[in-house]
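The figures that follow rest on heavy atoms only: side chains count, while hydrogens, waters and symmetry mates do not. These numbers were taken from a predicted model, which means no experiment stands behind them. Residue numbers count from 1 along this sequence.
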Amino acid sequence: MRWAEIRVAYPNQWLVIEALDARTENRRRIFDRIAVVEVCSDGGTTFRRYRDLRREHPAREWCFVHTGNA
């Protein structure tokens with residue numbers, strides 16, 4: 001999925017996502033394809049889940065986001 005699609009499918013929610021296809025342009029990370037891994041109830045829970053996934057799978061690219069942000 002793309003970010004715009006995720007924002008429509010998961011309005012105003014905290015998510016843990018994985019970047020499936022990403023690149024760097026002008027020192028910014030651009031995610032071309034994203035997978036939603038988990039929907040969380042709040043920012044603290046989202047961060048803890050993100051941290052656990054980073055520990056379990058350090059080679060994969062994880063992020064925690066709120067879909068209210070552009």
Side-chain angles (χ1 to χ4, degrees):
M1 294 179 90
R2 295 185 170 278
W3 180 242
E5 296 168 317
I6 288 173
R7 290 185 72 203
V8 170
Y10 300 92
N12 203 36
Q13 293 184 35
W14 284 99
L15 307 174
V16 177
I17 61 173
E18 180 180 6
L20 302 175
D21 187 21
R23 58 194 156 78
T24 302
E25 287 183 7
N26 299 320
R27 299 184 348 214
R28 291 189 68 202
R29 199 71 177 140
I30 309 295
F31 299 138
D32 294 316
R33 284 189 322 124
I34 304 165
V36 175
V37 176
E38 193 165 329
V39 178
C40 299
S41 59
D42 58 67
T45 302
T46 309
F47 177 75
R48 285 188 294 278
R49 185 64 182 128
Y50 156 80
R51 184 186 59 208
D52 293 345
L53 287 166
R54 291 269 322 220
R55 287 180 183 153
E56 293 171 27
H57 308 283
R60 294 165 71 176
E61 191 166 1
W62 306 102
C63 294
F64 62 99
V65 298
H66 191 274
T67 57
N69 297 329

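- Summarising the geometry, atom CG belonging to Asn12 is positioned 5.5 Å from atom OG1 belonging to Thr67; distances are rounded to the nearest 0.5 Å.
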For residues 33-41, tabulate all N or O donor-acceptor pairs below 3.5 Å that involve a side-chain atom, not counting sequence neighbours.
| residue | atom | partner | partner atom | Å |
| --- | --- | --- | --- | --- |
| Glu38 | OE1 | Arg49 | NE | 2.6 |

Output, in order, the C-alpha distance, side-chain angles, deciding distance and verdict of side chain to side chain contact (heavy atoms under 4.5 Å, CB included) for His57 and Glu18.
CA-CA 11 Å; His57 308 283; Glu18 180 180 6; over 6 Å; no

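- The nearest pair of heavy atoms linking Arg29 to Ala22 is NH2-CB, 3.5 Å.
- Taking all atoms of both residues into account, the shortest heavy-atom contact from Leu15 to Thr46 is O-CG2, 3.4 Å.
- We find the CZ-CG distance between Arg48 and Leu53 to be 13.5 Å, quoted to the nearest 0.5 Å.
- In this structure, Trp3 CH2 and Asn69 CG are separated by 7.0 Å, a value rounded to the nearest 0.5 Å.
- Between Phe64 and Phe47, the two ring planes are perpendicular [angle over 60°; tilted spans 30° to 60°].
- Contacts of Arg55 classified as salt bridge (Lys or Arg N to Asp or Glu O under 4.0 Å), with partners at least two apart in sequence or in another chain: none.
- Between the Asp42 side chain and the Gly44 main chain, a donor and an acceptor come within less than 3.5 Å of each other.
- In the displayed structure, Arg51 atom CZ is contacted under 6.0 Å by more than 12 heavy atoms of other residues, nucleotides or ligands.
- Residue-environment remark: CZ (Arg2) stays at or below the threshold of 12 foreign heavy atoms within 6.0 Å.
- Note on residues 9-36: pairs passing ring pair (Phe, Tyr, Trp, His ring centres under 6.0 Å), not counting sequence neighbours, are Trp14-His66.
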